[in-house]
Each structure stands twice: as C-alpha cells, then as structure tokens.
Amino acid sequence: MGRYAIRRLLQLVPVVLGTTFIINYMVWQLPGDPFAGRCGQRPCPDAYVTAMREQFGLDQPLLVQYGNFLKNLVTGNLGVDFNNVSVASLLGDAWPITIRLALMAVIFEAVIGIGAGVLSGLKRGGFIDNVVTISTLFLLSLPIFVTGYLLQWLLGVQFGIITPTVSDEATVPELIVPALVLASLNMAFTARLTRTSIVENLRSDYVRTAVAKGLSNRRVVAIHLLRNSLIPVLTFLGTEVGSLMSGAIITEGIFNIHGIGGLLWRAILDQDYTVVVPVATLLVLVYLLANLLVDLLYGVLDPRIRYE
C-alpha cells in the first residue's frame with residue numbers, strides 16, 4: 001500500500017499543475033480591470049491603475065504570472081490581497097471555520113444518511129422504508145438556500161432556538177444547523193445510495209452463506225453486508241468533501257459565517273485574484289487528497305482489494 005500511495009501522490013502532481021494553470025488562465029481571461037473601480041464614483045487615474053497592475057504582476061504574460069504563482073506556492077508565500085492584507089492571514093482566519101463546518105456536515109451525512117439507508121434497505125417495503133423514501137425526496141426537491149432560509153426563520157426567528165446568524169467564533173453548537181443545511185442534499189443521496197446497495201447485497205451469495213452458517217443477524221449485517229455495501233457510499237462521501245468546502249458559499253452567506261466560502265465570494269465580487277487563485281488551489285488539493293484517502297480505505301472495507 002505504501003508504494004501505491006506514493007505512486008498516487010506522484011500522479012497528483014500533473015493534475016495539480018493542470019488545474020492550477022486552468023484557474024490562472026480563467027482568472028487572466030476575465031473581462032474588466034480590478035483596479036478601475038476602486039476610486040469610488042470617479043474613475044481611477046491611469047497612473048494608479050498602471051502602478052497597481054505592475055505591483056501585482058498583472059501586466060506580465062500569463063506564463064510568467066503562473067510561474068511566479070507556483071514559486072510562491074511552493075515557498076508558502078501567498079502574498080497580499082489588493083488591500084495589502086496578508087492572504088495567509090485571511091486563510092488562517094477563515095479555513096478552520098469552514099473545515100469545522102464541512103466535517104460536521106460529513107458526519108451528519110455519514111451517521112444520518114447511512115443509518116437511514118441501512119434501516120430502509122433492511123425493512124424495504126415497510127413503514128420505515130416509506131418514511132425514508134419520502135423524506136429523501138423532500139430534501140432532494142429543496143435547494144440548499146430554501147432549506148437554509150426556512151430553518152433560519154423557523155428555528156431562529158419564530159422559536160428562538162438558535163441565533164439567526166453565527167458569531168465570529170463560529171462555535172460547534174452554532175454550526176449544527178448550518179451543517180445540517182449544508183449536508184441536507186448529500187444526506188438524502190447517501191441514504192438512497194446506501195439503501196440501494198443494501199438491497200442489492202442482501203441477495204448476494206456470501207450473505208446467504210453467512211445466514212446458512214447460523215451467524216446472528218447483527219453479525220451478518222455488520223461484518224458481511226455493511227462493509228461491502230459501504231464501498232460506493234464511501235466513494236460518494238469522499239468526493240463530496242471537496243465539494244462541501246467550496247459549496248459552503250451559500251450556507252455561509254445565509255448564516256453570516258466568516259469562512260472560506262464567504263472569503264471566496266467577496267474576492268470574486270471584488271475581482272481580487274490574489275485571493276481567488278490561492279483559495280481555489282487549496283480546494284483542489286483538498287479534493288484530490290480526499291479522493292486518495294478514499295481509495296486507500298477501500299482495502300480496509302474489502303480485504304479482497306489489493307494495491308500493487
């Protein structure tokens with residue numbers, strides 16, 4: 001497994017280079033000048049715009065800009081934004097909040113989604129199966145911003161159970177409802193995927209053999225059925241980690257959470273490429289590493305899988 005992990009890490013290098021180049025190219029191709037409207041109602045002087053473009057290297061060719069970006073990325077120098085605030089400090093303040101929010105969302109997806117899917121699959125056609133099916137269809141039909149505003153109004157304004165907006169500290173209790181909102185769609189997908197996998201594997205030969213050997217239902221489900229059924233679910237959850245990090249823009253906006261999503265959204269509106277490019281690059285790295293971790297966990301769930 002060690003050699004496989006090293007080989008996969010080496011394979012990530014061209015992927016990172018390709019994705020970061022595309023990000024830089026897309027930013028470089030965006031219309032408009034990020035400095036032209038930074039002087040209020042009046043247009044900025046040409047001398048100011050020229051000086052700012054030279055300071056941040058936007059007057060250089062794309063390949064030169066990309067080379068400077070890679071050099072700074074390797075050395076850990078993320079530079080400053082257009083307001084001369086350290087990008088590393090901005091990420092340092094926002095990153096832990098979004099990580100906390102995304103991890104809580106993944107936990108909700110795994111615990112509630114897998115639990116509901118297992119119960120639905122084992123009791124297919126029954127009352128629990130019908131409840132899970134209707135609930136997941138309801139969640140899938142609601143966009144995240146509708147679910148977020150609904151829970152914010154219902155729990156925060158009407159009943160006062162939560163604060164409608166999250167404080168700057170973004171404590172774990174404050175993030176429970178936003179994490180549920182962020183996880184709502186994926187939680188429904190996880191439940192339905194788990195149910196389908198459970199129903200399919202219930203008809204497998206190894207399950208019938210385990211039952212014929214006289215093993216208890218709990219052992220058959222936990223050791224034989226669940227481990228094999230979780231492989232596609234684990235794939236889905238692993239790929240969603242990176243998506244949750246970037247998809248938190250809407251949720252963070254609704255609950256006024258000062259995380260990566262809000263930072264990225266404000267930077268896009270301000271055309272502050274010095275923030276957009278590093279944040280997008282970090283999201284790419286998170287996504288790739290999460291997929292690598294999922295691939296390595298396959299061997300834990302299914303001993304038949306061997307890495308060479």
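Basis for what follows: all heavy atoms, side chains included, without hydrogens, waters or symmetry-related copies.
- Nearest approach of Val132 to Ala116, heavy atoms of both residues: CG2-O, 3.8 Å.
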| task | Please report the C-alpha distance between Ile257 and Arg100 in whole Å, then the side-chain angles of each, then the deciding distance to 0.1 Å, and finally whether the side-chain contact (heavy atoms from CB on, under 4.5 Å) criterion is met. | result | CA-CA 11 Å; Ile257 301 173; Arg100 193 154 57 239; over 6 Å; no

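- When all heavy atoms of Leu285 and Val16 are compared, the pair lying nearest together is CD2-CG2, 3.7 Å.
- More than 12 heavy atoms of other shown residues, nucleotides or ligands fall within 6.0 angstrom of atom CH2 in Trp95.
- Considering Val181, Leu182, Thr163 in turn, Val181 is the only one that fulfils the side-chain contact (heavy atoms from CB on, under 4.5 Å) rule with Phe255.
- Remark: of the listed residues Arg124, Arg195, Lys123, Arg195 is the sole one forming a salt bridge (Lys or Arg N to Asp or Glu O under 4.0 Å) with Asp129.
- Contact annotation: the side chain of Leu12 approaches that of Leu9 to within less than 4.5 Å [non-hydrogen atoms, C-beta and beyond].
- Rounded to the nearest 0.5 angstrom, Leu142 CG and Leu140 CG are separated by 9.5 Å.
- To the nearest 0.5 Å, the span separating OG1 on Thr190 from CG on Leu185 amounts to 10.5 Å.
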| query | Should Val276 and Asp272 be marked as a side-chain contact (heavy atoms from CB on, under 4.5 Å) after you check the CA-CA gap, both sets of side-chain angles, and the distance that decides it? | reply | CA-CA 6 Å; Val276 173; Asp272 195 339; 5.6 Å; no

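- The two atoms that bring Ala170 and Leu175 nearest to each other are O-CD1, 3.5 Å, heavy atoms only.
- Not counting sequence neighbours, the partners of Phe21 by the ring pair (Phe, Tyr, Trp, His ring centres under 6.0 Å) test are Tyr66.
- Heavy-atom minimum distance, Met104 versus Ala179: CB-CB, 3.7 Å.
- Across all non-hydrogen atoms, the minimal contact from Thr251 to Pro178 is CG2-O, 3.4 Å.
- At least one donor-acceptor pair closer than 3.5 Å links the side chain of Glu252 to the backbone N or O of Gly262.
- Side-chain polar atoms of Glu169 and Ser167 form a donor-acceptor pair below 3.5 angstrom.
- For CZ of Phe189, the number of neighbouring non-hydrogen atoms (other residues, nucleotides, ligands) closer than 6.0 Å is 12 at most.
- Summarising the geometry of Leu155 relative to Val177, their closest heavy-atom pair is CD1-CG2, 4.1 Å, with the distance given to 0.1 Å.
- Taken from CD1 in Ile97 to OG1 in Thr171, the straight-line distance is 10.5 Å, to the nearest 0.5 Å.
- The side chain to side chain donor-acceptor pair (under 3.5 Å) search around Asn24 returns none, not counting sequence neighbours.
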